[in-house]
Structures are given as C-alpha cells and as structure tokens.
Amino acid sequence: TQTNKQTNIINNSKMSSTRPSQQERGRRMLVWNFVAMSVCFSIHHGTVTALLALASTNLGDSLAGAQSGVLYLTYTLSAVFLAVFVVQKTGAKWGMVSALALYCAYVASFLLAARVPDAAWYAAVAGAAVGGVAAGWLWTAEGLFFAQTSHAYARLADRSESSCNSLFAGIFSTIYVGLEVLMKGGSSLLNMWGGEELVYVVFTLTAATAALAMAFVQAPPVAVAAPQRSGRPRLRDTQERVGKEKGAARGDGGENDDDEEEVLVLSLDPSKGQEETSLLLQNDRGGGRLDGDSSVSGPDGDDAHTPLLAGGNDGISNSNSSSSNNNINTKTRYGSRSQVVEHGLTVLRLFVRSRKLQLLLVFNAAFGLASAFMDQYVNGTPAKAAVGKDHVGLLAAVAPAVAAAVSMPLAWASSQNRVGKLPAMLAGTGSFVLLAIVVASLSEARLAGLGWGIVFGYVFAGFGRAVFESTNKAAFADFFPHDREAAFANIIFISGGSAGIAFLVFPHIDRLAMALSTWLVSAAAAVCLVAAFRLHHRDTPHALVQA
C-alpha cells in the first residue's frame, strides 16, 4: 500500500509538472487570439492596399488621385473626431468588426466603377468616403487591441511592457505585410487570368468574409476594479463583470479605495476543459498573484501597476497617472458628455501639449508622403511602363515582402536594451530619403528602361514600411502609456492627412517636386526622432533601458 501511494505521488507529480500552468495557458491564449485578430485584419486590409496600389494604373491619375485623397482625408477626420468616441462605445473588437464591414464599400466601389463606367466617379469617391470614415476608428481599435493584449501578456509573463510591445508589434507587422504580399501578388495573377473585374469580385468577397470572421475573435482581456476578498473571486462572464464593476465604480463616485485590486480576466477555451483565469494585481507596491498563489511582480515600477480597462462594450483604457496609489477608475477619462467634438479635442489637445508627440509624428508624415509617392507616381507611371500593367501588382508586392522579412528582426533588435528603437526608426527615415533621391536623379525614360530593376524603390519603401508598422507603433506605446488611444489616433491624423493631401496634389505637380517634398520631410524626421527620444529619456530616466 505504501508503495502504491508513493507511486501515485510520483505520477501525480509528473502530471503536474507537465501540465501547463495557468500563466502559460493564459499567455498562449493571448498570443493565438492576437494572431487570429491579425489574420482577419490583414486579409481584409490586404484587399484594400492591393486595390490602392492599382488605382492609378486602372482608374487613371485624375480619378485615382481624387479617390485616394478622399479616402485618406476622411480617414484622418474620422480618426480625430470619431475614433475614440466609437471605440469607447464598441470596444476594441467590435470597433474593428464594424469598421471592416463598412470598409468593404471601398473595395466594392472598384467593381461598381468597372461595371458602370458612367458612375465611376460617384462610385469611387463615395466608396472611398465610407471606407475612409471606417478606417479612422479601425486603426485606433486595432491599436487598443494591441495595447491591451501586450499589457496582459506583460503581467502574465512577468516581463516589461516595453519588450512585450515590441513582441506583439513584430507579430502583427509580419502577418499584416505578409498577407498583403499575397493579396498584391494575387491581384496580378487574377488580372492575367480574368481581367480587372475578376480581381474586384474576388477581393470584395474576401473582404466581406474577413469582416465576418473577425466577429469570432475574442475581445481583449478585461481589467476591472473589484473589492478585495478572501479566497478566489467568483469569475463571471466578461460582459456581466464589466457592467457590474462599472456600476459599482459609478456608485462610489470614483473615489480612491485602498481595498481595490486589478482583476485581469482571461477567458480560456472551454471546449478544452480550461477554466477562466484571473490575474490579481494589488494596488499597493507589493505586486500581485495568479489564482491566489503564484507571485506575479509588476515589471516596470509605477507603470507595472497602471490599470487598463478593456474589453466588453467599453474598450477605452483608463490610466490615472496622477493617482498616488494607482487606483482604478472605470469611468472613461474622456468625460461624460460623450460628444464627438469632445473626443476630437482630446486627440488635438495631446498633439498641442506634447512636444514628444509632435516630434515623433514627423516620421509618420514622411511615411504618408512616401506611400503616396509610390502609389500615385511610381506605380502609375514608371512601374507600369517598366513591367507592364498586368505585373504592377507583383511589383507592388515586393514592398510588403521586404517589410515582412525584416519586421521580426527589427522587433527583436528594438527590444534589446543596448539597441532600442531609435536606430531602427532612423534607418526607416533613411530608406525614404534614398527612395526620393534615386527616383529624382533618374529620368522617367531611364526608370522605365530598368524593367524589373525598378524593384529597388519597392525595397526602400518596404523597409520603411516595416519600421512604421512595427517599431513606430511600439515606440508610441512606450512614450504614451496613459494616452494610447489619443496617441494612436494622432498617428492616423498625421500619416493619413499627409498622404491624403499628397494624393490630391501629386497629380498636378512634376516628378521632381514630388520627390523633393518626400526627401525634405524624411530628412527632417531623422532630426526630430533624435530630439523626441532625448526628451523621453530626460522625462523618464528608466526609459534609457527600454526605448
């Protein structure tokens, strides 16, 4: 009997040692859920970017410039005046679902313009306007989903939030640009097999399917205020818990409560017999616990305990940086009036008061100009002459392919304390500068005569794109931990606004003027980035080993 007991003890010990811990299962769930979101998002947006690259080739310079300009300008206005308001009401997940559904109008507008030539202008511009409005909160919702997932992963993995920002930025960027490669390359193949209309039909159906699939992605983890109690807290459905805790918070007027704790609710897959996991972070400086027994220390000092309200129907984070004890207040920081103008002013106020934000945004303006330069001029004129209309999609796929290849190495390098994010961002500005210089130094005839050698421009654009999608986003998450939604909306405001203006202006100026404007803004971005990182290091000394 004693031998049997010892054998059972040994077997149970082996089983417990091989069984994944709650933390490990939570981390896996976070990663795979983030991957699922990235795939749905990227397939849909891949159809958008593929058609955007073909617009000047298929629609002509005038209509393509007007359509793309309207797309980016409505996108910019929506980001400023609607994004925070909509995402506050919908949450990160449903904000993306609704935006992707509306964004289908842009993809379908190409099909309508091809089928009804007399209505081409109306269809193209109207589809761009609807898609642009949706895009304004699409990227804000995605940025919030990203930030919430990174925040939760940092708690479960006991890692710095800065390193997790780099990790998830790399994952998203790799999937996003990788699927864009498939969509752009696929557009050329479809065009050769069945013409433009086949491209438009397939892409419209693909975009609609991706929007529907996003509805089945889980909402990001939820962090809510809950009274401290003995034993494990009762875990309820995410939506129910958020609603009740918000009601409790409103009832006490948002006063500080030393007995409150942060509860991060992670819903695992019930079909596999996994239970809900809760991560409890004490509001004092003493760290927290997982399921009441495993120690989980906050990795980044004060920022380690910064609360983040997420998920359900209330997806706006609420970080009360002025609170001495990091109390959790579930009432959104954007006020109770819930007015569109008020949310727009929130974004603009951050832009006006933050010198770091202003400096970082110059890089985003350079990206907007470089993107318009490639889509409006390079794709529509020298590239079409160099490789032929049917192959422009394949050539355009080179840029995201390069971005996909370098995104994870950039994310890894940027997460290293001795390297940081500044060198990668400077390299991104350098790629835009080189693109403008080389294109300006060669005549259109010389560029067309290069044939597939014109691919050099897409290599430069791809590297800059990787920096924008990966390192740039991680830097914003590091620099503005308490104003992430407004900061991400400003990225859209500047990159989208600069691209929109460029799309409207570029068809009416010559090649040298386009290249010169891109070069000047990109060169200025390098200087501004150095100044922004110096300010960040001065204001937050611990950032010297993070950024």
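Taking the side chain as every heavy atom from C-beta outward, F110 and T204 never approach each other to under 4.5 Å. Here the side chains of L51 and V107 are in contact, with some heavy-atom distance below 4.5 Å. The closest side-chain heavy-atom distance from D478 to N165 is below 4.5 Å. Annotation: side chain of V438 is in contact with side chain of F460 (closest heavy-atom distance under 4.5 Å). Residues V467 and F367 fail the side-chain proximity criterion, which asks for heavy atoms closer than 4.5 Å. Using a 4.5 Å heavy-atom cutoff, the side chains of L359 and F479 are not in contact. Looking at heavy atoms from C-beta onward, M192 lies in side-chain contact with H391 at the 4.5 angstrom threshold. At least one side-chain heavy atom of L156 sits less than 4.5 Å from a side-chain heavy atom of L30.
Going from atom OG of S38 over to atom CZ of F145 covers 8.0 Å, rounded to the nearest 0.5 Å. Atom CG of L394 and atom OG of S187 lie 7.0 Å apart (nearest 0.5 Å). With rounding to the nearest 0.5 Å, the separation of SG in C528 from CG in N364 is 11.5 Å. One finds the NE2 atom of H44 at 12.0 Å from the CZ atom of F203 (value rounded to the nearest 0.5 Å). Taken from OG1 in T209 to CE in M214, the straight-line distance is 13.0 Å, to the nearest 0.5 Å. The line from CZ of F533 to NZ of K356 is 10.5 Å long, rounded to the nearest 0.5 Å.
A distance-only check finds a donor-acceptor pair linking the side chain of Q358 to the backbone of F351 [under 3.5 Å]. A donor-acceptor pair under 3.5 Å links the side-chain atoms of S431 to the main chain of G428, judged by distance alone. A donor-acceptor pair is defined here as one N or O able to donate and one able to accept, closer than 3.5 Å; such a pair exists between the side chain of S498 and the backbone of S495. Of the possible donor and acceptor atoms, none in the side chain of K473 sits under 3.5 Å from a partner among the backbone N and O of G143. Judged by distance alone, the side chain of S517 and the main-chain N or O of M514 form a donor-acceptor pair under 3.5 Å. Counting only distance, with no hydrogens or angles, the side chain of S98 and the backbone of G95 share a donor-acceptor pair below 3.5 Å. In this structure, T429 contributes its side chain and L426 its backbone to a donor-acceptor pair below 3.5 Å. Not a single donor-acceptor pair under 3.5 Å links the side chain of S150 to the backbone N or O of F146. Judged purely by atom type and a 3.5 angstrom limit, K93 uses its side chain to pair as donor or acceptor with the backbone of A215.
Surrounding CH2 of W32 are at most 12 heavy atoms belonging to other residues, nucleotides or ligands under 6.0 Å away. Within 6.0 Å of OH in Y122 there are 12 or fewer heavy atoms belonging to other residues, nucleotides or ligands.
Qualifying side-chain contact (heavy atoms from CB on, under 4.5 Å) partners for A513, counting only residues two or more places apart in sequence or in other chains: I509, D510. For N379, the side chain to side chain donor-acceptor pair (under 3.5 Å) partners two or more places apart in sequence, or in a different chain, are D375, Y458.
Using cut-offs of 30° and 60° on the angle between ring planes, the pair F172 and Y176 is parallel.
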Start with the C-alpha distance between E444 and Y377, add both sets of side-chain angles, then the distance that settles side-chain contact (heavy atoms from CB on, under 4.5 Å), and finish with yes or no.
-> CA-CA 11 Å; E444 287 189 359; Y377 171 70; 3.1 Å; yes
Y106/L52 under side-chain contact (heavy atoms from CB on, under 4.5 Å): CA gap, chis, key distance, verdict | CA-CA 10 Å; Y106 172 75; L52 180 63; 3.7 Å; yes
Start with the C-alpha distance between L144 and V87, add both sets of side-chain angles, then the distance that settles side-chain contact (heavy atoms from CB on, under 4.5 Å), and finish with yes or no.
-> CA-CA 9 Å; L144 181 58; V87 176; 3.6 Å; yes
side-chain contact (heavy atoms from CB on, under 4.5 Å) between C40 and F216: does it pass, once the steps are laid out?
-> CA-CA 10 Å; C40 295; F216 296 93; over 6 Å; no
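Among all heavy-atom pairs drawn from A502 and A372, the shortest one is CB-CB, 3.6 Å. Contact record, P507 with Q376: CG-NE2, 3.5 Å, taken as the closest heavy-atom pair. Taking each heavy atom of T74 and A129 in turn, the nearest pair found is OG1-O, 3.7 Å. For R511 against A440, the heavy-atom pair with the smallest separation is NH1-O, 3.4 Å. Here the closest heavy-atom approach between residue A105 and residue V130 is recorded as CB-CG1, 3.8 Å. Contact record, A396 with P400: O-CD, 3.1 Å, taken as the closest heavy-atom pair.
The side-chain contact (heavy atoms from CB on, under 4.5 Å) test with I43 is passed by exactly one of L100, I175, L179, L182: L179. No option in F34, Y103, W139 other than W139 meets the ring pair (Phe, Tyr, Trp, His ring centres under 6.0 Å) test with F41.
Between F463 and F432, a ring centre-to-centre spacing not shorter than 6.0 Å is recorded.
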